[in-house]
K.L.:
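Quick one: the structure is below, and I'll ask about it shortly.
The analysis underlying the following values was restricted to heavy atoms, covering all of them including side chains, and did not include hydrogens, waters or symmetry mates. In what follows, chains are A, B, ... by sequence order, proteins preceding strands, each numbered from 1.
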There are 2 protein chains.
Amino acid sequence: MYSTSSLKAELNERGWRMTPQRETILQVFQNLSEGKHLSAEDLHILLNEQGEVISLSTIYRNLKLMSRMGILRELELAEGHKHYEINQPSPHHHHHLICVRCNKTIEFRNDAVLKTGAKTAQKEGYHC
Amino acid sequence: MYSTSSLKAELNERGWRMTPQRETILQVFQNLSEGKHLSAEDLHILLNEQGEVISLSTIYRNLKLMSRMGILRELELAEGHKHYEINQPSPHHHHHLICVRCNKTIEFRNDAVLKTGAKTAQKEGYHC
DNA sequence: GTCTTATTGAGAATGATACACAATTTTTCA
DNA sequence: TGAAAAATTGTGTATCATTCTCAATAAGAC
Ligand SMILES: [Mn+2]
Ligand SMILES: [Mn+2]
Ligand SMILES: [Zn+2]
Ligand SMILES: [Zn+2]
């Protein structure tokens with residue numbers, strides 16, 4: 001799990017900067033209960049309710065940044081917009097099953113699926 | 001693999017109709033070589049080049065319809081828009097591996113992954 | 001503290017997809 | 001066979017998520 005300081009360290013390593021907005025966003029996802037996913041809009045509203053106003057532009061920018069960094073996962077949950085969740089490492093990692101007809105969505109854990117993906121990525125020369 | 005007549009039968013079964021546009025779209029995907037995926041825009045251009053003009057609205061409508069029917073698969077390939085391919089049944093069914101950083105995309109086959117999905121769906125009471 | 005440069009916020013722009021509606025086809029059935 | 005009913009199409013427009021632009025601000029380096 002990412003702490004504020006490890007986020008800062010990793011940002012600086014890449015020539016980027018820590019900001020109060022980035023810290024706030026990280027905290028929201030860390031405190032989000034299992035199985036919940038937030039869209040950019042969801043996050044914006046949630047922060048407004050908490051009295052922490054961050055512009056929608058900044059939210060979009062940082063959700064994308066933190067996804068590329070591997071801190072968040074960007075999900076396509078059949079609702080026409082992206083959702084995000086914290087990117088948990090292996091024992092807590094989960095998959096999503098989404099019905100293409102009614103959009104019913106669930107989470108499940110399965111090591112074989114995870115390993116197949118990792119093994120295939122390695123075999124195909126994926127670099128990251 | 002869907003034939004023109006089985007598409008017609010299945011459409012009529014649901015109170016829908018066969019049209020030349022639907023037949024044309026089905027044929028394009030049937031003749032598409034393995035590993036290729038088309039966006040709505042791609043399909044529109046490809047049809048124009050073949051002299052078969054179908055409006056973009058009709059293309060969007062029918063790509064969605066045929067996906068809900070299970071004839072096509074709607075793919076989120078990290079390019080900001082949807083792609084489609086024919087939905088091959090089990091022995092030919094494949095998965096996509098997409099790098100979240102560089103968007104490298106490959107196809108691979110794996111029965112275990114397929115079965116895990118199916119089993120999980122059944123256990124969770126997915127209806128279709 | 002100052003300097004450099006990344007980041008933010010506000011608003012405008014973009015782009016994929018959905019929608020509205022009149023004209024046209026399919027299908028049904030008398 | 002030929003209306004009548006209903007689904008589908010094409011054109012144009014609307015919507016909505018996301019990105020872009022740019023001036024103002026703030027983080028990090030020295
Ligand atoms: Mn999840
Ligand atoms: Mn494919
Ligand atoms: Zn379903
Ligand atoms: Zn990559």
K.L.:
Going by the side chain to side chain contact (heavy atoms under 4.5 Å, CB included) test, name the single residue among Leu43(B), Thr19(B), Leu38(B) that passes it with Ile25(B).
P.N.:
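So, applying the side chain to side chain contact (heavy atoms under 4.5 Å, CB included) to Ile25(B) and each of Leu43(B), Thr19(B), Leu38(B), only Leu43(B) qualifies.
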K.L.:
Is the shortest side-chain heavy-atom distance between His94(A) and Glu85(A) below 4.5 Å?
P.N.:
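Yes; the side chains approach each other to less than 4.5 Å.
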K.L.:
When Ile, Leu, Val, Met, Phe, Trp and Tyr are grouped by side-chain heavy atoms lying under 4.5 Å apart, directly or through other members, which residues fall in the same group as Leu56(A)?
P.N.:
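Once heavy-atom contacts under 4.5 Å are chained together, Leu56(A) belongs with Tyr60(A).
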K.L.:
Restricting to side-chain hydrogen bond (donor to acceptor under 3.5 Å, both in side chains), what partner residues turn up for Glu10(A), sequence neighbours left out?
P.N.:
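Tyr2(A), Arg14(A).
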K.L.:
Show each protein N/O and nucleotides 27-30 of chain D N/O combination with a separation under 3.5 Å, one pair to a line.
P.N.:
| from | atom 1 | to | atom 2 | distance (Å) |
| --- | --- | --- | --- | --- |
| dA27(D) | O3' | Met18(A) | O | 3.3 |
| dA27(D) | N3 | Arg17(A) | NH1 | 2.9 |
| dG28(D) | OP1 | Lys8(A) | NZ | 3.0 |
| dG28(D) | OP1 | Met18(A) | N | 3.1 |

K.L.:
Which ranges of DNA chain D pair up as stems, where a stem means three or more consecutive Watson-Crick or G-U pairs with both distances under 3.5 Å?
P.N.:
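Listed by first number, the stems are C:1-30 with D:1-30.
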K.L.:
Between Gly15(A) and Ser39(B), which residue's closest nucleotide on DNA chain C lies nearer the 5′ terminus?
P.N.:
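Here Gly15(A) is the residue nearer the 5' end.
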K.L.:
Could you pull out all residues at least two apart from Ser3(A) that satisfy side-chain contact (heavy atoms from CB on, under 4.5 Å)?
P.N.:
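Ser3(A) satisfies side-chain contact (heavy atoms from CB on, under 4.5 Å) with Ser5(A), Ser6(A) only.
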K.L.:
Using a heavy-atom distance cut-off of less than 4.0 Å, which residues of residues 54-70 of chain B contact DNA chain C?
P.N.:
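DNA chain C contact set from residues 54-70 of chain B: Ser57(B), Tyr60(B), Arg61(B), Lys64(B).
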K.L.:
Determine whether Met66(A) and Leu26(A) make a side-chain contact, defined as any pair of heavy atoms from C-beta on separated by less than 4.5 Å.
P.N.:
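The answer is yes, as the side chains (C-beta and beyond) meet within the 4.5 Å cut-off.
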K.L.:
Could you list the residues that satisfy side-chain hydrogen bond (donor to acceptor under 3.5 Å, both in side chains) with Asn87(B), not counting sequence neighbours?
P.N.:
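Applying side-chain hydrogen bond (donor to acceptor under 3.5 Å, both in side chains) to Asn87(B) gives none.
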K.L.:
Taking any atom closer than 4.0 angstrom to a non-hydrogen atom of chain B, what span of DNA chain C does the protein reach, first nucleotide to last?
P.N.:
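Result: dA16(C) to dT27(C).
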K.L.:
In terms of heavy-atom contacts, does CD of Gln50(A) have more than 12 from other residues, nucleotides or ligands at under 6.0 Å?
P.N.:
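Counting other residues, nucleotides and ligands, CD of Gln50(A) exceeds 12 neighbours.
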K.L.:
Can a side chain N or O of Gln21(B) be found less than 4.0 Å away from OP1 or OP2 on dG10(D)?
P.N.:
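The answer is yes; a side-chain N or O of Gln21(B) sits under 4.0 Å from OP1 or OP2.
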K.L.:
With rounding to the nearest 0.5 angstrom, report the CZ to CD distance, Arg22(A) to Gln27(A).
P.N.:
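The CZ atom of Arg22(A) sits 15.0 Å away from the CD atom of Gln27(A).
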K.L.:
Which residues pass the side-chain contact (heavy atoms from CB on, under 4.5 Å) test with Asn48(A), not counting sequence neighbours?
P.N.:
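Result, side-chain contact (heavy atoms from CB on, under 4.5 Å) vs Asn48(A): His44(A), Val53(A).
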K.L.:
Specify whether His37(B) and His96(B) have parallel, tilted or perpendicular ring planes, treating 30° as the upper limit for parallel and 60° as the lower limit for perpendicular.
P.N.:
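Perpendicular: the ring planes of His37(B) and His96(B) meet at over 60°.
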K.L.:
Between dT18(D) atom P and Asp42(A) atom CG, what is the distance in whole Å?
P.N.:
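Distance check: Asp42(A) CG to dT18(D) P gives 11 Å.
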K.L.:
Going by an N to O cut-off under 4.0 Å, is there a salt bridge joining Arg109(A) and Glu34(A)?
P.N.:
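Yes.
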K.L.:
My understanding is that only residues two or more places apart in sequence, or in another chain, count here; which of them pass side-chain contact (heavy atoms from CB on, under 4.5 Å) with Ser67(A)?
P.N.:
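With sequence neighbours excluded, Ser67(A) shows a side-chain contact (heavy atoms from CB on, under 4.5 Å) to Leu72(A), Glu74(A), Tyr84(A), given in chain and number order.
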K.L.:
Indicate yes or no for a side-chain donor-acceptor contact from Lys104(A) to the backbone of Glu124(B) under 3.5 Å, with no hydrogens or angles considered.
P.N.:
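It does hold such a pair.
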K.L.:
I need the residues from residues 72-81 of chain A with at least one non-hydrogen atom less than 4.0 Å from DNA chain C; give them sorted by number, or say none.
P.N.:
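None - not one residue of the stretch has a heavy atom sitting under 4.0 Å from the strand.
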K.L.:
List in chain and number order the residues that pass ring-ring contact (aromatic ring centres under 6.0 Å, His included) with His92(A), two or more places apart in sequence or in another chain; answer none if no residue qualifies.
P.N.:
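Testing His92(A) for ring-ring contact (aromatic ring centres under 6.0 Å, His included), a comparison that skips the adjacent residues, returns none.
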